[in-house]
Amino acid sequence: MRRQSIPLILITLALAAFACDIPGAAPPTPFSIPTPNQTLTAIFAPTAITTIVPPPTSESLPTVAVTPAETLAALPTATPAGLSRPNGTPVEAVLLTTAPTIDGDLAEWTTNAYALTQVTYGASRWSGLADASAVFYIGWDASRLYVASRVTDDKFVQVSKGEALYLGDSLEIQFDANLSADFGASSLSSDDYQLGLSPGNFGSLAAQSYLWYPATKRGAPAGVVVAGRSSSSGYTLEAAIPWTVFGVLPAEGSRYGFAISVSDNDAAGTAAQQSLISNVSTRTLVDPTTWGTLVLVGSGGT
């Protein structure tokens with residue numbers, strides 16, 4: 001019996017050694033699937049998104065996705081009666097039978113004067129109405145929108161131009177050209193405009209305009225005429241803006257999203273936007289639902 005047990009033990013040991021060489025007999029090497037990170041670059045390629053980079057500003061600006069371009073034919077010539085943003089009283093632009101002379105002299109403006117006193121940025125650096133505030137006038141005809149403003153500013157500083165003109169004493173306009181189509185849209189689209197107007201520095205730096213939005217039209221807009229004058233309490237500014245800048249066909253009763261603001265800089269020799277004062281207390285740059293309403297009325301007003 002002992003002689004037979006020895007060969008059995010040897011056979012058993014040989015079979016065990018052979019089994020170790022069989023594919024799959026060894027335990028598999030551990031493998032962990034990577035978890036995609038927030039930008040989807042670990043496993044999956046990110047979806048391509050075309051973006052526009054907003055102009056530099058003291059406000060916090062997110063990257064805005066480009067929306068399909070709209071054609072002039074797609075824009076309304078009139079807006080449903082009564083449609084208004086719930087932000088302040090609508091501003092009425094009066095039909096002007098004679099176009100104003102754009103020279104910075106506001107003596108010919110007899111339309112309603114609207115207050116521009118709501119601080120929407122830099123409240124800690126705004127010391128009151130004497131620091132920065134304004135009244136503005138607004139009118140229209142078949143070819144242009146006209147804006148005039150008398151700005152109270154205890155320290156006039158403007159050393160910037162072009163896309164940086166907001167880093168000095170200046171005005172800017174937000175304009176939603178298609179209010180009825182995107183009334184509830186809280187992000188910028190291709191029919192939303194941000195237009196800057198600078199009085200210059202009354203010397204070497206000329207009065208000028210600059211369009212930041214839409215990005216596809218960014219630059220000095222064609223046909224805009226701007227003039228400014230220094231005054232004992234600040235400055236005045238006048239502008240004539242062709243409707244083609246906003247891509248609309250004006251008509252009495254038309255309504256648009258609208259806000260107008262004054263940028264203030266008190267740091268002599270420095271480019272800085274220290275505060276922003278608007279006609280609408282809710283105004284934020286990238287949310288058109290926070291703007292007010294502009295109504296085109298007849299020559300007799302309402």
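Every heavy atom of this structure was used, including side-chain atoms; hydrogens, water molecules and symmetry mates were not.
The aromatic rings of Phe175 and Trp243 are tilted relative to each other, their planes meeting at an angle between 30° and 60°.
Proximity of a side-chain donor or acceptor of Asn87 to a complementary backbone N or O of Thr289 within less than 3.5 Å is detected. Under the 3.5 Å distance criterion, the side-chain polar atoms of Gln194 are left unmatched by any main-chain donor or acceptor of Leu285. No donor-acceptor pair under 3.5 Å is formed between the side chain of Asp103 and the backbone N or O of Ala227. Between the side chain of Ser278 and the main chain of Gln118, no donor-acceptor pair closer than 3.5 Å is present. Side-chain N or O atoms of Glu172 include none that pairs as donor or acceptor with a backbone N or O of Gly196 at under 3.5 Å. A donor-acceptor pair is defined here as one N or O able to donate and one able to accept, closer than 3.5 Å; such a pair exists between the side chain of Thr290 and the backbone of Thr284. Put simply, the side chain of Thr236 gets close to the backbone of Gly104: a donor and an acceptor are under 3.5 Å apart. Side-chain atoms of Asp192 come within 3.5 Å of backbone N or O of Ser189 as a donor-acceptor pair. Trp140 places a side-chain N or O within 3.5 Å of a backbone atom of Val297 that can act as its donor or acceptor partner. In terms of modelled atom types and a separation under 3.5 Å, the side chain of Trp212 and the main chain of Glu163 share a donor-acceptor contact.
Here the two rings, on Phe156 and Phe202, have centers that are under 6.0 Å apart.
Scanning both residues, Pro242 and Ala222, for their nearest heavy atoms gives CG-O, 3.9 Å. Of all the heavy atoms in Tyr193 and Ala177, the pair that sits closest is CE1-CB, 4.1 Å. Across all their heavy atoms, Ala259 and Arg283 have their closest contact at CB-CG, 4.1 Å. In terms of heavy-atom proximity, Leu205 sits nearest to Ser160 at CD2-O, 3.3 Å. The two residues Leu294 and Ala93 have their closest heavy-atom pair at CD1-CB, 3.9 Å. Summarising the geometry of Pro250 relative to Ala142, their closest heavy-atom pair is CG-O, 3.6 Å, with the distance given to 0.1 Å.
Looking only at side-chain heavy atoms (C-beta outward), Thr270 and Val157 stay at 4.5 Å or farther from each other. Side-chain contact between Tyr114 and Thr89 is absent, with no heavy atoms from C-beta onward closer than 4.5 Å. Looking at Val226 and Pro199, their side chains never come closer than 4.5 Å, going by heavy atoms from C-beta outward. Between Pro288 and Arg85 the shortest side-chain heavy-atom distance falls below 4.5 Å. Asp169 places none of its side-chain heavy atoms less than 4.5 Å from the side chain of Val151. Here the side chains of Leu167 and Gln273 are in contact, with some heavy-atom distance below 4.5 Å. Between Ile277 and Leu116 the shortest side-chain heavy-atom distance falls below 4.5 Å. With a 4.5 Å cut-off on side-chain heavy atoms, Leu145 and Ile138 count as touching.
Note that CD of Gln158 and OG of Ser170 are 5.5 Å apart. Values are rounded to the nearest 0.5 Å. Atom OG of Ser254 and atom CG of Leu83 lie 11.5 Å apart (nearest 0.5 Å). Note that CZ of Arg150 is 12.0 Å distant from CG of Leu237, once rounded to the nearest 0.5 Å. To the nearest 0.5 Å, the span separating CG on Asn178 from OH on Tyr256 amounts to 9.5 Å. Rounding to the nearest 0.5 angstrom, the gap separating the OG atom in Ser299 from the CG atom in Asp141 is 12.0 Å. A distance of 10.0 Å separates OH of Tyr213 from CD of Gln174, quoted to the nearest 0.5 Å.
One hydrophobic cluster, built from ILVMFWY side chains closer than 4.5 Å, cannot hold both Val280 and Leu195; they sit in different ones. Hydrophobic clustering of Ile, Leu, Val, Met, Phe, Trp and Tyr side chains at less than 4.5 Å, counting indirect connections, unites Leu95 with Phe258.
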Next on the checklist: Please evaluate residues Tyr210 and Arg218 with respect to the criterion side-chain contact (heavy atoms from CB on, under 4.5 Å), reporting the C-alpha separation (whole Å), side-chain torsions for both, the decisive distance (0.1 Å), and the verdict.
Outcome noted: CA-CA 8 Å; Tyr210 192 86; Arg218 181 179 296 177; 3.2 Å; yes
Next on the checklist: Is there a side-chain contact (heavy atoms from CB on, under 4.5 Å) between Asp153 and Asp266? Walk through the geometry before answering.
Outcome noted: CA-CA 9 Å; Asp153 188 347; Asp266 291 336; 3.8 Å; yes
Item to check | Residues Glu108, Glu238; criterion side-chain contact (heavy atoms from CB on, under 4.5 Å); working and verdict | outcome: CA-CA 11 Å; Glu108 61 193 308; Glu238 276 186 300; 4.2 Å; yes
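Connectivity analysis of hydrophobic side chains (ILVMFWY, heavy atoms under 4.5 Å, direct or indirect) links Val135 to Leu96, Ile102, Leu106, Trp109, Tyr137, Tyr146, Val225.
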